[in-house]
Amino acid sequence: MDYQFKDIEQKWQQFWANNGTFKAEDKSTKPKYYVLDMFPYPSGAGLHVGHPLGYIASDIFARYKRLKGFNVLHPMGYDSFGLPAEQYAIQTGQHPAITTEANIATYRRQLDQIGFSFDWSREVRTSSPDYYKWTQWIFMQLFNSWYNKDAEKAESIAKLVAHFEQNGSAGINAVCDEEILSFSAAEWKAMSNQDQQAELLKYRLTYLRESTVNWCPALGTVLANDEVKDGFSERGGYPVEQKKMMQWSMRITAYAERLLQGLDTIDWPEPLKEMQRNWIGKSTGASVRFPISGFGDVRTEVGNQATGHTNQKPGFIEVFTTRVDTLFGVTFLAIAPEHELVASLTTPEQKADIDAYIAQTKKKSELDRMADAKTVSGAFTGSYVLNPLNGEKIQIWIADYVLAGYGTGAVMAVPSGDQRDYLFAKHFNLPIVPIIDIQNIETEADPTKEGTYINSDFMNGLDYKAGTAAVIAKLEAIGAGKAKINFRMRDAIFGRQRYWGEPVPVYFKEGLPYLIEEDHLPLLLPEVDKYLPTESGEPPLGRAEGWNYKASPKSSPKERTSDSEADNSLSLGEGRGEAYAYELSTMPGWAGSSWYWFRYMDANNDKEFASPEAIAYWKDVDLYIGGSEHATGHLLYSRFWNKFLKDIGKVGEEEPFKKLINQGMIQGRSNFVYRLIDEEGRGTNTFVSYGLIKEYKTSPLHVDVNIVENEVLNLNKFKEWRPEFADAEFILENGKYICGVEVEKMSKRYYNVVNPDDIAQRYGADTLRMYEMFLGPLEQSKPWNTNGIEGVFKFLRKFWRLFHNEAWEFSVSNNEPSKAELKSLHKIIRKVEEDIERFSFNTSVSSFMIAVNELTDLKCNNRAILQDMVIILSSYAPHICEELWTLLGNPAGTLSYAPFPKFNSSYLIEDEFAYPISINGKMKMNLSISLSLDVKEIEATVLANADVQKYLDGKAPKKVIVVKGRIVNMVV
RNA sequence: GCUCAGAUGGUGGAACUGGUAGACACGCAGGACUUAAAAUCCUGUUCCCGUAAACGGAGUGCGGGUUCGAUUCCCGCUCUGAGUACCA
């Protein structure tokens with residue numbers, strides 16, 4: 001029979017599903033290998049041809065590893081909480097769970113049709129209560145933990161409380177809020193429970209914090225950054241303002257150093273690691289306190305005065321600097337317009353100036369401020385600080401180049417060393433003091449670290465290293481500063497004012513958050529009448545009627561587990577306690593994806609997020625494939641949660657993803673037709689072929705790429721495409737209509753979306769899989785282009801034909817394979833092994849073509865050779881290979897676990913090599929010489945050759961370079 | 001601006017540690033089969049000159065360098081893509 005891909009593919013997809021062919025074993029004597037894809041958000045649009053790229057690559061790898069004798073875990077699931085479903089729900093009233101379910105069904109059908117070897121028995125959905133129960137559980141563990149800097153790990157809050165009870169706050173080195181109290185053990189015990197809880201919240205790894213959000217009053221909701229364009233909501237175009245709200249946050253900054261160090265231990269693409277390093281943004285420097293002039297004593301204990309009495313201003317301004325050695329060059333202090341001390345520092349004479357400046361900066365959008373980076377602006381507050389080292393009076397300015405969100409929101413300005421400070425000083429006529437002997441500050445700042453200090457009191461004559469050490473020592477001695485490491489990364493906000501997300505397992509009592517009891521998990525998402533905020537601006541969960549928490553004060557957990565798990569949120573034991581309001585915000589999109597790889601290890605466990613045994617066996621992800629757009633989101637949060645789970649002893653590895661590969665983006669490739677414009681400037685119904693548009697006046701028009709092949713427009717299909725083109729006319733070149741091409745994002749509105757369903761229909765899944773790989777290196781971004789797909793399809797037919805005679809009857813011979821056949825086979829064995837190990841899938845597709853071309857030329861129909869070929873090709877084109885495998889007489893379903901053929905180098909040994917003979921580096925001819933000859937003999941053979949002599953024109957070469965088995969080069 | 005990645009025929013791309021540039025495929029041209037078309041098969045296909053071949057010259061974004069030999073290494077530049085945004 002001819003190659004009937006449709007029947008074959010359907011048959012085997014069915015077989016795999018019915019037989020659970022790809023089910024990973026939980027216990028195995030085989031070594032484990034975990035291949036993971038970034039799971040998709042199931043959008044309504046379904047998959048386009050770009051999505052499966054990474055999945056195909058990982059599937060080839062997973063199948064290959066099975067052939068190599070590994071117990072492979074290759075799961076798939078859905079990141080199914082998210083905004084689009086909620087948006088759709090708002091518009092249609094349809095429950096997001098329903099649309100999500102429908103979208104998942106589409107995704108599943110599309111994925112199945114490509115023939116992936118996923119273990120679907122482990123599927124996860126982040127929006128399923130069995131799953132988000134454990135997301136909530138991890139949240140609870142974070143709530144019950146604090147970060148001990150001395151131990152460099154998270155520890156339980158109970159341990160912190162025990163310490164407070166014994167020693168008070170002394171001896172605690174924690175990552176926590178700025179304004180913590182210091183107290184003795186007795187003082188702690190004397191505190192009310194309320195006060196104790198308030199204090200503990202400052203230490204918890206997930207905590208409440210006031211944060212600024214994009215608030216859209218018209219929509220009554222908070223928007224994500226990418227939903228805001230130029231200060232207006234993307235949807236509807238309503239104004240968006242910055243609003244402060246109490247929000248859940250994650251103390252990811254506690255892990256900043258470990259997140260940074262860990263990068264050196266994992267095999268990720270360098271650009272991606274660099275992105276994370278920049279995001280974490282570690283800088284080493286010092287914090288320095290500048291006493292405010294005329295304020296009295298400098299207070300050295302931050303904790304003492306920061307008890308929340310906001311009307312009392314501290315006696316100093318703290319700055320962070322990476323160049324503390326330039327402290328004697330400070331000639332003014334610049335603070336952010338939003339800095340909390342601005343009001344109290346502004347003198348009555350300067351108030352008008354300052355107010356005007358603040359008003360001006362507020363008006364500027366972020367975009368303006370960016371575009372305006374070169375313009376110097378600022379205003380003098382009228383107040384001064386003193387240089388802590390020499391008591392010199394220094395003006396305090398506000399300037400919008402200082403960002404409130406970074407460091408302390410204040411900068412010590414050193415115009416001689418920093419270009420921005422220099423421009424500022426020039427503009428406002430402030431002094432510029434050189435502090436290094438070789439500094440040249442005629443026209444711009446000179447940030448050199450060479451030379452020795454001048455104008456710097458006790459530092460004079462010292463170099464950078466000694467000077468820096470001396471300043472820090474001095475600052476520490478007088479309590480005005482210390483060495484400090486600063487991170488750019490901020491704590492992550494962990495709350496969304498949305499419906500379609502995980503409810504936060506917290507209720508409020510007297511304004512403070514408490515966890516619900518663990519056996520009340522999962523806290524189910526309640527039903528609401530509408531998916532919009534309430535009239536009073538509360539998140540959608542505020543609409544849920546009777547949705548509140550009634551703790552059961554003394555009910556034992558054992559008693560509770562017998563309760564039905566499903567309905568514990570709404571019908572908790574009447575009268576068993578007071579009702580408390582639940583947290584109304586839900587978790588952000590990244591919550592569910594920050595631990596999902598553990599769930600796959602033991603997806604159906606209802607006792608734990610995954611059993612310790614499963615985690616001990618599967619450990620971590622060996623290979624993770626996904627897009628680089630998740631560099632600073634998902635991939636950072638996942639590493640953070642992984643480290644946390646390790647700290648509390650639940651998992652064993654410090655890093656979740658040992659090796660990571662970024663697949664490139666598949667861009668769209670748009671086609672254009674050119675509509676002729678008539679003399680009045682109106683569009684006609686005549687279209688000019690691309691090559692002729694210079695001769696006419698035309699306007700380009702996107703045309704559906706699916707009716708264009710190799711840039712040639714299918715005229716009939718074009719006429720059918722839209723009614724207005726039914727009687728279109730064409731000006732052709734060489735009898736064809738050639739379309740223009742441009743690379744754009746793949747999007748419906750450009751008519752350049754290619755659906756994998758269409759490709760699978762027309763050519764089959766095996767062709768689609770191989771073609772996506774053939775397109776180019778996996779990591780590279782490239783436009784989708786169907787132009788070459790015929791070649792891949794033809795290759796598979798050619799492969800099929802090796803097993804069939806002229807009449808398309810299956811026919812293989814049992815003869816001894818010939819030397820040439822064995823050579824072809826072992827060449828491809830080695831090539832595919834090498835290529836897969838280095839993720840160079842495109843080159844193996846070419847090599848398969850070469851191998852099949854060779855075997856076709858050899859008229860090979862040898863069983864031994866062809867059976868090995870089937871195994872090698874099966875990870876790329878599994879359906880056709882399964883079919884041929886059974887035709888060869890093997891039991892169905894055994895191919896996936898067949899042993900990968902062993903490479904034998906002896907078949908490739910050559911006794912001759914066709915040496916390229918070059919003169920002055922230019923290749924002139926080939927000469928076959930025995931490989932047994934040594935360098936001298938080769939040289940003699942070459943020089944004795946008559947053709948070589950012709951090139952040399954009878955002269956002796958000046959020099960002869962012979963590289964055995966490679967090349968001969970003669971210099972004349 | 002900074003950081004990273006990249007630039008090879010008409011097109012996608014190959015050349016893995018410096019050693020025959022353009023593998024493989026698409027497209028195109030010519031041919032075979034066919035009443036014809038489709039499908040299939042065969043031949044050619046970097047460019048320029050030579051209007052057939054042999055042969056000669058140029059050639060991996062641009063300009064230099066190292067080397068017997070550079071797509072590959074070094075220096076300078078141009079362009080494209082991605083990330084980031086006054087980070088003290």
Side-chain angles (χ1 to χ4, degrees), chain A residues 2 269-275 277-279 281-283 285 319-324 326 334 336 366 369-370 372-376 399-403 405-414 417-421 423-424 486-488 628-629 631-632 662 664-665 667 709-712 734 741 743 771 774-777 779-792 794-795 797-798 801 831 834-835 838 840 842-851 853 914-926 957-963 965-972:
Chain A
D2 197 355
E270 203 44 54
L272 198 101
K273 289 198 203 178
E274 200 56 34
M275 267 191 245
R277 283 192 196 103
N278 292 339
W279 186 264
K282 179 179 181 175
S283 46
V319 305
F320 174 74
T321 176
T322 53
R323 288 298 300 274
V324 69
T326 62
E366 233 171 88
R369 248 165 107 161
M370 248 150 66
D372 236 19
K374 297 254 156 60
T375 328
V376 177
D400 66 1
Y401 77 85
V402 183
L403 307 175
Y406 182 74
T408 59
V411 175
M412 60 174 233
V414 185
D418 181 282
Q419 185 60 16
R420 282 169 326 199
D421 298 346
L423 291 172
F424 196 90
N486 203 41
F487 291 97
R488 195 185 84 114
S628 60
E629 66 270 23
T632 51
N662 285 132
M665 238 208 305
Q667 294 147 310
E709 204 164 331
N710 286 315
E711 273 46 283
V712 179
N734 304 326
V741 183
V743 172
Y771 184 60
F774 189 56
L775 224 42
E779 278 121 313
Q780 209 170 290
S781 283
K782 55 226 156 199
W784 175 262
N785 184 345
T786 326
N787 285 356
I789 197 163
E790 291 281 345
V792 173
K794 277 193 244 173
F795 155 75
R797 270 195 92 201
K798 215 166 167 180
R801 219 169 44 193
K831 178 72 176 155
E834 282 174 1
D835 283 353
R838 64 189 173 107
S840 175
N842 56 323
T843 49
S844 1
V845 178
S846 305
S847 307
F848 278 125
M849 292 175 171
I850 294 170
N853 287 347
Y915 279 89
I917 310 296
S918 47
I919 291 174
N920 293 337
K922 280 268 167 209
M923 211 277 279
K924 294 294 174 188
M925 59 178 284
N926 282 105
K958 274 191 219 141
K959 192 172 175 188
V960 181
I961 294 110
V962 177
V963 183
R966 283 232 184 254
I967 201 168
V968 177
N969 188 21
M970 284 169 289
V971 187
V972 294

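Per chain, numbering begins at 1; letters A, B, ... match sequence-line order. Everything numeric here is computed off the predicted structure, so don't read it as measured data. For the numbers below, each heavy atom of this structure counts, side chains included, while hydrogens, waters and symmetry mates do not.
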- Of all the nucleotides listed (B/A88, B/U11, B/A39), which has the minimum atom distance to the side chain of A/S283? B/A88
- Is A/K794 touching bases, backbone alone, or none of the nucleic acid, heavy atoms closer than 4.0 Å? sugar-phosphate
- Taking atom types as modelled, find out whether A/K282 and A/N486 have a side-chain donor-acceptor pair closer than 3.5 angstrom. no
- Once the angle between the rings of A/W784 and A/Y771 is folded into 0 to 90°, is it parallel (under 30°), tilted (30 to 60°) or perpendicular (over 60°)? perpendicular
- Query: Does A/Q780 have a side-chain nitrogen or oxygen under 4.0 Å from the phosphate oxygens OP1 or OP2 of B/G13?
  - Reply: yes
- Note on the structure: Listed range with range, the stems formed with RNA chain B by at least 3 consecutive Watson-Crick or G-U pairs (under 3.5 Å) are B:1-7 with B:78-84, B:10-12 with B:24-26, B:27-32 with B:40-45, B:46-48 with B:56-58, B:61-65 with B:73-77
- Task: Give the B/S/- string for nucleotides 19-24 of chain B, one per nucleotide from 5' to 3', where a protein heavy atom under 4.0 Å of the base yields B, of only the sugar-phosphate yields S, and otherwise -.
- Result: BBS-BB
- Task: Please measure how far the P atom in B/A23 lies from the corresponding atom in B/U45, and state the result in whole Å.
- Result: 10 Å
- For A/R277, which contact category applies under a 4.0 Å heavy-atom criterion: base, sugar-phosphate, or nothing? nothing
- Item | Nearest-Å distance once atom P is located in both B/U11 and B/C47 | 11 Å
- Ignoring hydrogens and geometry, is there a side-chain-to-backbone donor-acceptor pair from A/S918 to A/V968 under 3.5 Å? yes
- Syn within 90° of 0, anti beyond: B/G27 is anti
- Map A/R420 and A/R801 onto RNA chain B by nearest heavy atom, then report which one ends up closer to the 5' terminus. A/R801
- Task: Between B/G69 and B/A58, how far apart are the P atoms? Round to whole Å, please.
- Result: 15 Å
- Rounded to whole angstrom, note down the P distance from B/G76 over to B/C4. 13 Å
- Message: When the C1' atoms of B/C55 and B/C42 are compared, how many Å lie between them, rounded to an integer?
- Response: 27 Å
- Query: Reckon A/K831 has a side-chain N or O less than 4.0 Å from the OP1 or OP2 of B/C16?
  - Reply: no
- Message: I'd like the C1' distance from B/U20 over to B/U43, given in whole Å.
- Response: 24 Å
- Mind checking whether A/K924 and A/I917 have side chains closer than 4.5 Å, heavy atoms only? no
- Query: So which nucleotide from B/U40, B/G13, B/C68 ends up closest to the side chain of A/V971?
  - Reply: B/C68
- Item | Of the listed nucleotides B/U11, B/A88, B/A85, the one nearest the side chain of A/T321 | B/A88
- Message: Under the criterion side chain to side chain contact (heavy atoms under 4.5 Å, CB included), I'd like the reasoning laid out for A/F774 against A/M849: C-alpha separation, chi angles, the key distance, then a yes or no.
- Response: CA-CA 11 Å; A/F774 189 56; A/M849 292 175 171; 4.1 Å; yes
- Remember a base hit wins even if backbone is also touched, and classify A/P777 as base, sugar-phosphate or nothing at under 4.0 Å, heavy atoms. sugar-phosphate
- Query: Is a side-chain donor-acceptor pair under 3.5 Å present for A/T843 with A/D835?
  - Reply: yes
- Task: Could you work out which one of B/G12, B/U84, B/U3 sits closest to the side chain of A/L775?
- Result: B/G12
- Query: Heavy-atom count around A/R966 CZ within 6.0 Å, excluding the residue itself: above 12?
  - Reply: no
- How far does the P atom of B/U60 sit from the matching atom of B/C73, given to the nearest Å? 15 Å
- Message: Measuring from the side chain of A/T322 (C-beta onward, heavy atoms only), which nucleotide among B/C41, B/C87, B/A88 has the closest atom?
- Response: B/A88
- Message: Between B/G61 and B/U8, how far apart are the two C1' atoms, rounded to whole Å?
- Response: 10 Å
